[in-house]
There are 2 protein chains.
Amino acid sequence: MVDRITSSQVAKRAGVSQSAVSRFYTPGASVSAKTAEKVKIAASELGYRPNILARAMVSGKSRIIGLVVAYLENYFYPEALEKLSNAFQERGYHVLIFMASQTAGNVSSVVEEILDYQVDGIVMASVALSSEVGSRCQAAGVPVVLFNRSQDMDDISSITSNNFEGGRKAARLLIDLGHQKIGYIAGWEGASTQRDREAGFNKEISDSGLSVFSRKVGNFRAERTKAATFEMFDKSKVERPDAVFVANDHMAFIVMDILRYEIGLSIPKDVSVIGYDDVPPASWRSYDLTTVRQRANLMVRETVNTILNRIENPNSSDPVKLQIDSPLVIRSSTCQKSI
Amino acid sequence: MVDRITSSQVAKRAGVSQSAVSRFYTPGASVSAKTAEKVKIAASELGYRPNILARAMVSGKSRIIGLVVAYLENYFYPEALEKLSNAFQERGYHVLIFMASQTAGNVSSVVEEILDYQVDGIVMASVALSSEVGSRCQAAGVPVVLFNRSQDMDDISSITSNNFEGGRKAARLLIDLGHQKIGYIAGWEGASTQRDREAGFNKEISDSGLSVFSRKVGNFRAERTKAATFEMFDKSKVERPDAVFVANDHMAFIVMDILRYEIGLSIPKDVSVIGYDDVPPASWRSYDLTTVRQRANLMVRETVNTILNRIENPNSSDPVKLQIDSPLVIRSSTCQKSI
DNA sequence: ATGAAAGCGCTAACAA
DNA sequence: TTGTTAGCGCTTTCAT
């Protein structure tokens, strides 16, 4: 392998000092036009590019953002990841990926690994953070923002959609459509998204003088969701729900498939179904799922702004707790009008 | 922010030299039991962890793998990304993500950026590489492997499924099922996957004395695929295909939806559909798509092995060109028997 | 505006 | 086995 070109080699060729070369690559530095020209020529002749790692070591800024993700099976996350990565790239940063399963111990050891890379900031997507790990990052001076997950007590910034309002809207729609027997299929109960969606949903239901007709837990996982659906729509029951709100789109697809192909109900004639996220398959014709949209673009933009702002402004204090408005997207999995 | 603990601080506290601390963290180094113990204690009391970037600078090994991805909309890639990242993590590496659109200029500038980070290796997923960019990496001594894309001439390693055989198998199945009027919907013609799948498909078709009934280009993109489907199954035509092989699953879902809901054909009664990839939605009940499986686990394992082997063995020469066997997965989007 | 010099935190000879 | 020493490639004072 050919050795990398260094700034000293460029300096020698350009007939200037090594520091002059460094200054040429430092945004707000003082270099005369002629020096700049000499450096530019020498650098391009040699094919020189500054070594980011060396720069990181002395400056303390790596321009690397650590991104922790638990799973990519929910297609909201690949989309978010792509947008996050692009947004950071545009601002001169890059994303170092860390996969983490939900276990707390795992998350904490992953955070240690991240810190080893001297990242400038950390984005945690769909992962909860123990407050001890949070303060570990605080101590290291590395800003953290939670993406699509929030924690009430801790002073950690978080960007989510407004899950409470989203849950409300789902309930409101179903009620307005004339449904009286409304079921709910919950996600993993450790997730703030699940809890907030359900809380908003319950609030609107009870504000309307109704109560939730049936509740099962799908845990955000396929097998559990299948079982939950079968239990909720058990044929032996005298009365079954005429509508169901599912805590995310991925579970909703499973619910729809079971309802149609296993239980033999028609959507939306027999049952209205509504999901949460608006991932791409929700708009595929076979599902055409009414859902609450998480505005990925906005969430990503705010996440990037928040963390970059913290990086450039290390002394800023209050955590940002942003809840992005989440609009209802009405498609054909819910009935058209009063049933 | 609290400053990071350095090896010198640990050394002082442990009453040993700084190099002793360094040795303690170097796998095959010579440290006595008592020194090791002293360092271990001091380090844990201080919460010391080695700075990977500093280590990278002097050793020339960053333990970072650059991963270039063009798009995550095809759900084969999030899956691959997750598995790749996990596999590298297990071997002590981490993945730095670079999103790149297909344009050659973009890929080349992205590669420069990657090289700036002193990565130990580069995995390019679904991206083609100009030979000049390839030799740029060669010159930098950074091994590259293409994931799910290959290039005949260049001496760049690549891991793909056996797309030619996969295409053949798809054709064989359709023919065995008794289909005579078989259509093909192509992906983006710049992709080696598309070309190889089609070549295998064509070979088997003509070996059987048939010819392709109709061919349209979907370009791996939704709008184009819709149009291609409408053209292929235009109602004004006297004869329409009774089967169609679609170059990937994502296009196949669109084809199925159009066929069923826009054109009013029944699958598989009127038309058999077969895709390629076996992404998760292919097994969702609404599609239940017959397809050729790309064995992501195997492809990932080989990719990781190949690149890590190159990193540890810089002098090894011949490029690896691996084609992983791709089995047919028969579901209900193809008819059961001779029609 | 420019060069000299110090040093970021670590590894890798080299002696001892 | 251990400590001393010399850098890795860069940014950043500090004089000039």
Side-chain angles (χ1 to χ4, degrees), chain A residues 1-40 42-43 46-64 92 115-120 140-141, chain B residues 1-40 42-43 46-64 92 115-120 140-141:
Chain A
M1 100 172 232
V2 178
D3 271 333
R4 236 190 124 76
I5 308 298
T6 70
S7 58
S8 307
Q9 298 175 45
V10 175
K12 180 149 67 168
R13 184 176 188 109
V16 299
S17 75
Q18 182 270 329
S19 0
V21 176
S22 173
R23 281 192 203 98
F24 176 75
Y25 287 97
T26 306
S30 45
V31 204
S32 70
K34 68 180 65 132
T35 304
E37 186 62 16
K38 283 193 282 187
V39 172
K40 189 153 77 182
L46 260 29
Y48 169 76
R49 308 200 99 218
N51 180 333
I52 293 201
L53 263 36
R55 174 181 290 171
M57 236 200 67
V58 29
S59 71
K61 258 79 249 326
S62 63
R63 303 197 80 82
I64 295 178
L115 262 16
D116 292 346
Y117 278 94
Q118 307 286 98
V119 297
D120 290 347
Chain B
M1 96 172 234
V2 178
D3 272 333
R4 237 190 124 76
I5 308 297
T6 69
S7 58
S8 307
Q9 299 175 45
V10 175
K12 181 150 63 167
R13 181 172 191 114
V16 299
S17 75
Q18 182 271 327
S19 5
V21 177
S22 173
R23 282 192 203 98
F24 176 74
Y25 287 98
T26 306
S30 45
V31 204
S32 69
K34 66 180 68 137
T35 303
E37 186 63 15
K38 284 192 279 186
V39 171
K40 189 153 78 182
L46 261 29
Y48 169 76
R49 307 199 100 220
N51 180 333
I52 294 202
L53 261 36
R55 173 181 290 169
M57 238 199 68
V58 33
S59 71
K61 258 82 247 327
S62 64
R63 303 196 80 81
I64 295 177
L115 262 17
D116 292 346
Y117 279 94
Q118 308 285 98
V119 296
D120 290 348

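Letters A, B, ... mirror the listed sequences (proteins, then strands); counts begin at 1.
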If I take atom [atom1] in residue [X] and atom [atom2] in nucleotide [N], what distance separates them, rounded to the nearest angstrom?
X        : N      : atom1 : atom2 : answer
B:Lys61  : D:dC8  : NZ    : C1'   : 14 Å
B:Lys34  : D:dG3  : NZ    : P     : 12 Å
B:Gln118 : D:dC10 : CD    : C1'   : 11 Å
A:Phe24  : C:dA1  : CZ    : C1'   : 15 Å
A:Glu37  : C:dA1  : CD    : C1'   : 17 Å
B:Met57  : C:dG7  : CE    : C1'   : 11 Å

Residues B:Ser8 and B:Gln18: side-chain donor-acceptor under 3.5 angstrom: no
Contact state string [nucleotides 10-16 of chain C, B base, S sugar-phosphate only, - no protein heavy atom under 4.0 Å]: BBBB---
Sugar-phosphate only, base, or nothing, as touched by A:Ser32 at under 4.0 Å among non-hydrogen atoms: sugar-phosphate
Heavy atoms of other groups near B:Lys40 NZ, more than 12 under 6.0 Å: no
Gap separating the OH atom of A:Tyr117 from the CZ atom of B:Arg49, nearest 0.5 angstrom: 11.0 Å
Flag, side chain of B:Ser19 to backbone of B:Ser22, donor-acceptor distance under 3.5 Å: no
Ring centres under 6.0 angstrom apart (A:Tyr25, A:Tyr48): yes
Nearest atoms (heavy-atom pairs only) where B:Leu53 meets A:Ser62: CD2-CB, 4.0 Å
